[in-house]
Amino acid sequence: MFPLQILSLVFVVFSMIPSLALADNYTVQIANDTGLDPAAYSLYVMGYSTSNNLVMNSSGAFVSQSSGTISSYPVGTGAGQISQVLIDSNTTNNGARIYFFVVAAGAPAPTIAFGNNPPLSPPNTFCEFTVPSPGAQATVDIQEVDGFIMPITITLNNQINVAGSQFGQPITSTGQAATINRAAIFSAYTSFMQAEGSAGTPYLDMILPDVYGQPGGILSPRSYLLDANTEGEYLNLTSPLHTIWNNALNTLFGTSGMNVQGAGSAAIHGGTIAPDKYTVSSVTHAYPNSSVSLQALQFTGVAVPANVFYIYNPVGLSVLTDDAGEEITGTITTVGNSLTSTLTLDSAASNVAANMYVAGAGIPTDANGNSLVHVTNVGGDHQTLTVVSSTLTLGNPQANSQYRFSKLPGGVMFQTPGQMVFANSGVFADSTVQTTDLNASDVLGSLENFLVTALNRGVGLNPAALSPNSTPGESSIVWGDQTNWYPAATIQNLYSAFMHVGTIGGTPIFNLPVGAATSARGLAMGSAYGFPFDENSGPQPAVPNQAQVPPKFDGTVPVGATILVTLGPWTGAAPAPAPAPTPNYSSVIAQSNKDIKTLNKDIKKTKKKQTGSEKTQTIKQLKFAKKVANSVLRDPSDSALVSLEAQAMKATKIKNPDQREKKFKKLEKQYQKLT
């Protein structure tokens with residue numbers, strides 16, 4: 001572990017050695033301040049930019065590579081180890097990710113196939129580096145858009161604990177008890193969500209299974225709701241986060257009278273549309289290139305009334321769950337070479353209607369990912385759907401697969417309102433789908449950004465925004481004022497709220513920017529990425545000189561600069577007690593043993609109290625859950641199996657026999673893929 005004073009000396013020494021730090025290089029130095037015992041844990045680094053076909057090599061430099069395996073390398077100052085990464089300022093490098101992994105000692109170094117991102121296990125985090133063009137000043141950021149896994153801090157030119165020159169977790173001098181440590185952050189997250197009552201409860205499900213004696217991390221609601229298996233089937237469709245925005249969305253999209261500031265179109269597209277104010281009306285409007293009419297907000301330019309844009313309400317657009325709130329599964333049957341296939345669902349899904357498009361196993365799509373299949377007839381006790389493909393037969397894909405339905409064919413339209421709001425996707429990111437005019441697309445995209453960002457920050461329904469005064473652009477001024485953000489007891493992205501305003505012992509979890517604003521909760525807001533559009537607000541700040549929102553040096557890193565990346569402490573003790581030489585899975589093992597005892601009791605009880613086919617079916621399900629628990633005991637490090645065990649135990653509590661059987665069929669498919 002590097003003392004911070006030594007790190008300054010290390011930088012000076014490296015900068016004096018031309019082979020290690022060149023004037024045309026950006027230098028990314030790595031400080032391991034985790035406090036983890038090197039006899040028990042190893043730290044690895046990996047880097048790549050798939051957009052520019054660049055991969056970090058064993059010397060810490062980015063070189064050309066466009067396929068194959070991406071390797072990681074041990075962090076340290078010894079032979080064969082990496083203490084710094086060099087990025088050439090004369091080479092365009094878009095979104096180069098530098099990943100850091102904590103791996104149990106003796107475990108293999110992490111690798112991934114080119115074009116993929118690492119899985120969450122072993123635990124990892126990253127910083128992102130962009131050189132937009134040769135010689136241009138770089139952008140560097142860290143982010144929590146996918147989730148929070150472990151502490152990380154980026155510091156420009158060694159200006160430690162200087163506001164505006166450091167983002168991420170506060171750094172404490174080595175040897176002192178670190179208040180903002182990994183374990184404390186997870187504990188604070190739980191306390192924060194519990195204090196929110198029923199609104200915070202669904203966010204607790206995003207905490208990942210234990211790893212190395214601590215939670216594996218926290219998924220963002222975006223990642224949690226979009227989490228899918230290798231077949232592209234969503235895994236968490238029963239979460240109430242899918243529907244928590246419905247009432248707010250219906251209120252917002254039913255409101256007329258807002259006045260919103262819109263950005264102009266980009267110069268690279270001609271810049272033919274100037275910034276303008278837009279009056280907003282609630283309308284019903286046909287989605288472009290379709291006959292589907294949806295509730296929408298119509299934005300009409302004040303200076304140029306001919307400029308009209310639409311954002312559509314996602315509520316009711318798609319159907320992803322059945323009448324019991326579970327995923328929709330079914331079996332497709334195709335007879336001969338007929339273009340007509342039948343999809344028989346395993347349970348009733350009464351919201352599915354004729355003319356809806358279908359997505360799932362065996363469903364063909366066009367080059368843009370649009371479904372080529374729609375429903376032509378609905379009927380039968382279990383919703384037998386007749387599905388017609390416009391150009392292809394569907395064949396007979398695997399039975400009991402997951403299916404989704406939408407009024408629109410685009411792939412991102414087969415999402416719930418929750419997925420679209422938290423991920424800023426679907427109807428909030430369809431500007432290039434609505435129009436091929438790139439100037440119009442620029443403006444519409446910014447309006448969609450402003451709207452969904454306001455929702456995430458809890459100001460979308462601010463009364464002053466919904467019923468603004470006569471000031472042009474007043475709704476945007478309300479949305480963009482940081483002092484209005486994240487109010488208590490209001491529908492909002494609570495994960496993002498925690499990332500910005502969470503504290504431990506009164507200390508903010510994220511470094512405060514220059515001129516940090518105080519949120520509507522009365523707490524200072526640190527710089528963090530809580531959702532994809534979590535950037536500085538508006539085409540211009542609605543309130544002048546607002547604080548930096550994301551943890552990001554945005555095109556401000558001069559050529560030749562050094563970025564210090566500090567991986568923060570895992571516990572508050574200093575030095576941290578040496579962990580066991582192998583990861584501690586005692587809690588996982590204890591839970592599996594407890595589950596097995598419970599299942600044995602349930603099996604005995606079922607044998608005594610139930611009869612017939614229901615008895616046989618229930619015992620089979622309980623034995624399957626026991627089989628999964630035993631698999632976890634054999635390999636408690638397999639987080640996927642641990643998660644599957646938890647799902648199986650939850651499934652045993654489902655009262656409806658048909659619903660329970662459907663769920664276990666799904667779990668058995670997942671188990672087969674894992675084993």
Side-chain angles (χ1 to χ4, degrees), residues 26 28-31 33 85 87 95-100 124-130 137-172 178-182 184-185 188-189 217-220 222-223 424 453 456-457 482 485-486 493 495-504 507-519 523-537 541 546-557 561-569:
Y26 293 100
V28 180
Q29 289 194 303
I30 308 168
D33 208 18
V85 178
I87 296 179
R97 289 190 170 190
I98 304 175
Y99 278 90
F100 304 93
N124 60 80
T125 189
F126 67 91
C127 67
E128 194 167 50
F129 214 107
T130 292
Q137 290 193 320
T139 292
V140 182
D141 67 76
I142 53 178
Q143 56 180 279
E144 300 73 44
V145 171
D146 298 321
F148 181 88
I149 305 299
M150 54 188 180
I152 182 172
T153 305
I154 51 175
T155 307
L156 178 61
N157 288 333
N158 217 33
Q159 299 181 70
I160 295 171
N161 291 330
V162 176
S165 294
Q166 182 169 288
F167 294 108
Q169 278 61 63
I171 290 179
T172 303
T179 300
I180 309 302
N181 60 77
R182 188 175 190 269
I185 292 172
Y189 177 85
I218 307 167
L219 288 177
S220 68
R222 165 187 177 271
S223 294
N424 307 162
T453 294
N456 275 274
R457 290 170 175 165
Q482 294 183 359
W485 295 359
Y486 303 112
N493 182 338
Y495 168 87
S496 182
F498 173 77
M499 292 300 158
H500 282 286
V501 306
T503 61
I504 297 174
T507 300
I509 290 171
F510 281 84
N511 276 298
L512 299 181
V514 174
T518 299
S519 74
L523 298 169
M525 288 191 292
S527 297
Y529 262 122
F531 53 91
F533 288 168
D534 199 7
E535 300 277 357
N536 296 330
S537 56
Q546 290 204 86
Q548 174 76 7
V549 175
K552 178 181 185 181
F553 301 113
D554 199 353
T556 58
V557 180
T562 294
I563 295 291
L564 171 65
V565 177
T566 303
L567 302 176

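Excluded from the calculations below are hydrogen atoms, water molecules and symmetry mates; all remaining heavy atoms, backbone and side chain alike, are included.
The CG atom of Leu156 lies 5.5 Å from the OG atom of Ser165; values are rounded to the nearest 0.5 Å. One finds the CZ atom of Arg182 at 10.0 Å from the OG1 atom of Thr125 (value rounded to the nearest 0.5 Å). In this structure, Asn424 CG and Phe531 CZ are separated by 6.0 Å, a value rounded to the nearest 0.5 Å. In this structure, CD1 in Ile185 is found 11.5 Å from CD1 in Ile149, a value given to the nearest 0.5 Å. In this structure, Gln143 CD and Arg97 CZ are separated by 5.5 Å, a value rounded to the nearest 0.5 Å. Note that CG of Asn456 is 10.0 Å distant from CZ of Phe533, once rounded to the nearest 0.5 Å.
No side-chain heavy atom of Arg222 sits less than 4.5 Å from a side-chain heavy atom of Tyr495. Contact of the Val28 side chain with the Ile98 side chain is registered, since non-hydrogen atoms from C-beta on lie closer than 4.5 Å. For the pair Pro550 and Asn536, the minimum side-chain heavy-atom distance is below 4.5 Å. Using a 4.5 Å heavy-atom cutoff, the side chains of Gln137 and Phe553 are not in contact. Within the 4.5 Å cutoff, the side chain of Val85 has no heavy atoms near those of the Phe129 side chain. In this structure the side chain of Ile160 never reaches within 4.5 angstrom of the side chain of Thr153, judged on heavy atoms. At least one side-chain heavy atom of Asp534 sits less than 4.5 Å from a side-chain heavy atom of Arg457. Between Phe510 and Met499, some side-chain heavy-atom pair lies under the 4.5 Å cut-off.
In this structure Asn124 satisfies the side chain to side chain contact (heavy atoms under 4.5 Å, CB included) test together with Tyr99, Phe101, Pro118, sequence neighbours excluded.
Of all heavy-atom pairs between Phe100 and Leu567, the closest is CB-CD1, 3.7 Å. Summarising the geometry of Pro551 relative to Ile154, their closest heavy-atom pair is O-CD1, 4.1 Å, with the distance given to 0.1 Å. Here the closest non-hydrogen pair linking Cys127 and Val565 is SG-CG2, 4.0 Å. Pairing each heavy atom of Ala163 with each of Pro513, the nearest pair is CB-C, 4.3 Å. Here the closest non-hydrogen pair linking Ile504 and Ala188 is CG1-CB, 3.9 Å. Among all heavy-atom pairs drawn from Ala516 and Ala547, the shortest one is CA-CB, 3.9 Å.
The backbone N or O of Gly168 lies less than 3.5 Å from a partner atom in the side chain of Asn511, making a donor-acceptor pair. No donor-acceptor pair closer than 3.5 Å links the side chain of Glu144 to the backbone N or O of Gly530. Using a distance-only test at 3.5 Å, with no hydrogens or angles considered, a donor-acceptor pair links the side chain of Tyr26 to the main chain of Ala138. Checked by atom type and distance alone, the side chain of Glu128 never pairs as donor or acceptor with a backbone atom of Asp141 at under 3.5 Å. Side-chain atoms of Gln548 come within 3.5 Å of backbone N or O of Lys552 as a donor-acceptor pair.
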